[in-house]
Amino acid sequence: MLQVAILRQQTEWVKERLAIKNFSDLHLVDEVIALDDRRKQLNFQFDETQAGINKASKEIGGLMAKGEKDAAEAKKAEVAALKTTLQPITEQLAIVEKELQDTLVKLPNLPSALVPQGKTPEENVTVKEWGEVPALYEGAQPHWELIKQYDLVNFELGVKVTGSGFPVYKNKGARLQRALISYFLDYNTAAGYTEYIPPYMVNEATAYGTGQLPDKEGQMYYMPADNFYLIPTAEVPVTNLYREEIIKSEELPIKMTAYTPCFRREAGSFGSDVRGLNRVHQFDKIEIVQLVHPEKSYEVLDEMVAHVEQLVQSLGLKYRILRLCGGDMSFASALTYDFEVWSAAQKKWLECSSVSNFESFQTNRMKIRYKDEKGKSQLLHSLNGSSLALPRIMAALLENNQTEKGIAIPKVLQPYFGMDWIG
RNA sequence: GGUGAGGUGGAUGAGUGGCUGAAAUCAACGGUUUGCUAAACCGUCGUAGGGUCUAAAGCCCUACCGAGGGUUCGAAUCCCUCCCUCACCGCCA
């Protein structure tokens, strides 16, 4: 959620920025300002009238104590009259405040100056590409064949137990998942991230805090009996741990990491995009989240990108880093870098991480603040990234490391996996 | 799931209709004293919206004592609904 003050102070600049995100309802900016004007006006009237009521009520107390009954009754009539004028003001104020809120949440975050113009994923900018295309042997298979061949993941069983898109990991497939999770978490905690295991279901307030609600409820699994949502990413519960907190400056930055399963309904896609592990409804992901001083957030974004990069590199996977263009960025992000690993048998890039700076967009909703030198509360900046999402990493690992004899396990994973080979 | 107790500022905790945005203690912060540390003493110490002001400071107003509604001239205090926490019992990994 954008801060109204910024819309007021830099209206034209805000519109220019929104245009880069291909946001066309620019009139909403003016609407917000108009609603805020109206809100202030009504709020003032409310305060003045309420002050009158409070004052008179106090006087009644004094009059009653002195036994001046008639004067007290006269005051009561005065209060009654004020209450009559107050009622429509209160009603109007509630309507305007709701409208203001509803309008404000429709505005996406402003893209940073680094965000390239563009509408489609093709217009993302590749900022780095690393690694060699693996030389595969004749007859190399895509990962959905490999997982059958080595009995690592069974989709049919998932369909039986739940439905399509709920893979069952088995044998060394399950073990590899566990190894990846442990390795990633160890890597993150070594870099100073505090490890958490959060709940996998969240309430409405939490889903609202990170921006899943309103609007995106269709993308989450929902449990009506308890009014809970299954988390689409650890970002949701983890960032909300600090919701409505004022954090001491000396405690910054807050660095958190968590492994969670992630649940996504996302219907729609088809073909090779959804084959095998490319897109599933339940998958595992390790997330990193930081809450930082606003002046540090871009520095920290670079640091997080470098952190994820070294992790991907350590697995020996070919990857590229993209700076997302305005049209491909998420609603809440100010700047996003996507990591894609090369899937050698599918011969395509698979997204395995997305690292974003949200500036104060999320923290404004969640009221996550710190005290500046003057003792004033200010919003922090929030950032998060995947380090990493497992299914596509697994797909790339299986495909890129396959040989006639089996699948080689990267050195860094061997201590976790307990062997160097799936054969 | 049942029964009982309760949700007040960073923490403990007082407060059953007006003088309570909230005692007291602790913590924290600033200062005085002091070889250092400790102790003692003095002071400050919730959040948000608005007004006044060139601006800051200050001053003033409004809202907030789990959430929402109600009673009343007036509610932290009374009533209703919901949420949550704790204890005991039941069930259970």
Side-chain angles (χ1 to χ4, degrees), chain A residues 1-9 32-104 197-209 213 222-229 237 240-252 254 261 291 360 363-380:
Chain A
M1 190 166 69
L2 293 171
Q3 292 171 262
V4 179
I6 291 167
L7 303 195
R8 300 192 79 105
Q9 286 155 16
V32 166
I33 294 170
L35 284 165
D36 193 49
D37 284 339
R38 183 90 184 106
R39 197 209 93 236
K40 278 190 190 180
Q41 192 194 349
L42 286 164
N43 206 280
F44 182 76
Q45 289 174 19
F46 177 90
D47 283 357
E48 294 294 298
T49 313
Q50 189 58 248
I53 292 173
N54 290 347
K55 190 162 168 281
S57 296
K58 245 177 207 181
E59 286 165 9
I60 291 170
L63 292 170
M64 300 280 258
K66 283 189 274 177
E68 292 178 35
K69 223 165 171 240
D70 291 346
E73 287 305 321
K75 281 281 171 198
K76 280 193 195 180
E78 195 182 303
V79 171
L82 283 172
K83 283 182 105 173
T84 311
T85 62
L86 188 64
Q87 202 198 351
I89 297 170
T90 312
E91 282 164 9
Q92 270 301 306
L93 186 60
I95 292 167
V96 169
E97 276 176 345
K98 182 167 188 315
E99 240 175 277
L100 175 61
Q101 187 68 10
D102 290 351
T103 312
L104 203 50
I197 300 178
Y200 303 152
M201 295 180 210
V202 295
N203 58 30
E204 236 175 297
T206 298
Y208 177 83
L213 297 181
Y222 174 58
M223 293 148 153
D226 298 287
N227 201 18
F228 291 153
Y229 295 86
N240 271 281
L241 294 172
Y242 281 91
R243 177 154 45 94
E244 279 148 49
E245 297 282 339
I246 297 175
I247 301 167
K248 294 197 178 90
S249 309
E250 58 266 29
E251 286 170 28
L252 296 173
I254 305 286
L291 300 171
S360 60
T363 55
N364 189 29
R365 275 197 185 195
M366 285 185 274
K367 299 283 168 274
I368 304 179
R369 293 160 293 173
Y370 73 104
K371 294 266 191 196
D372 66 15
E373 316 73 49
K374 288 182 186 158
K376 243 192 118 194
S377 304
Q378 304 283 359
L379 294 171
L380 286 165

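For clarity, every value in this text was computed on a predicted model and none was experimentally measured. So you know, we letter chains A, B, ... as the sequences are listed, proteins then strands, and number each from 1.
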With rounding to whole Å, what would you report as the distance between [N] and [M] at their [atom1] atoms?
N	M	atom1	value
A75(B)	C64(B)	C1'	13 Å
C42(B)	U33(B)	C1'	11 Å
U85(B)	A28(B)	C1'	27 Å
G46(B)	G10(B)	C1'	9 Å
C45(B)	G50(B)	P	23 Å
G7(B)	G68(B)	C1'	16 Å
G17(B)	C92(B)	C1'	47 Å

| field | Carboxylate-amine/guanidinium contact K69(A) E73(A), below 4.0 Å | value | no
| said: Please determine whether a side-chain nitrogen of the Lys or Arg among R8(A) and D37(A) lies less than 4.0 Å from a carboxylate oxygen of the Asp or Glu. | reply: yes
| task | At under 4.0 Å between heavy atoms, which parts of nucleotides 61-73 of chain B does protein reach? Answer with one letter per nucleotide, 5' to 3': B base, S sugar-phosphate only, - none. | result | SSS---------B
| said: At under 4.0 Å between heavy atoms, how does the protein contact nucleotides 52-58 of chain B? Give one character per nucleotide, 5' to 3', with B, S or -. | reply: -------
[N] - base-pair partner by Watson-Crick or wobble geometry, distances under 3.5 Å:
N	result
G18(B)	C73(B)
A39(B)	none
C26(B)	G10(B)
U81(B)	A67(B)
U54(B)	none
C45(B)	none
C86(B)	G4(B)

Calculate the interatomic distance between [X] atom [atom1] and [N] atom [atom2]; express it in whole Å.
X	N	atom1	atom2	result
L100(A)	G49(B)	CG	P	13 Å
F44(A)	G49(B)	CZ	C1'	13 Å
D226(A)	G1(B)	CG	P	9 Å

| task | Between I246(A) and K40(A), just flag the one whose closest nucleotide in RNA chain B comes earlier from the 5' side. | result | I246(A)
| query | Have N203(A) and Y229(A) got a donor and an acceptor in their side chains that come within less than 3.5 Å? | reply | no
| note | Residues passing the side chain to side chain contact (heavy atoms under 4.5 Å, CB included) test with N240(A), sequence neighbours excluded, are T206(A), T210(A), V236(A), R243(A), M366(A)
| task | Given side-chain contact (heavy atoms from CB on, under 4.5 Å), test I60(A) with M64(A) step by step and report yes or no. | result | CA-CA 6 Å; I60(A) 291 170; M64(A) 300 280 258; 3.8 Å; yes
| Are any side-chain N or O atoms of T363(A) and backbone N or O atoms of L380(A), one a donor and one an acceptor, separated by less than 3.5 Å? | yes
| query | To the nearest 0.5 Å, how far apart are OG in S360(A) and CD1 in I368(A)? | reply | 11.0 Å
| With a 4.5 Å limit on heavy-atom distance, are the side chains of N364(A) and L2(A) in contact? | no
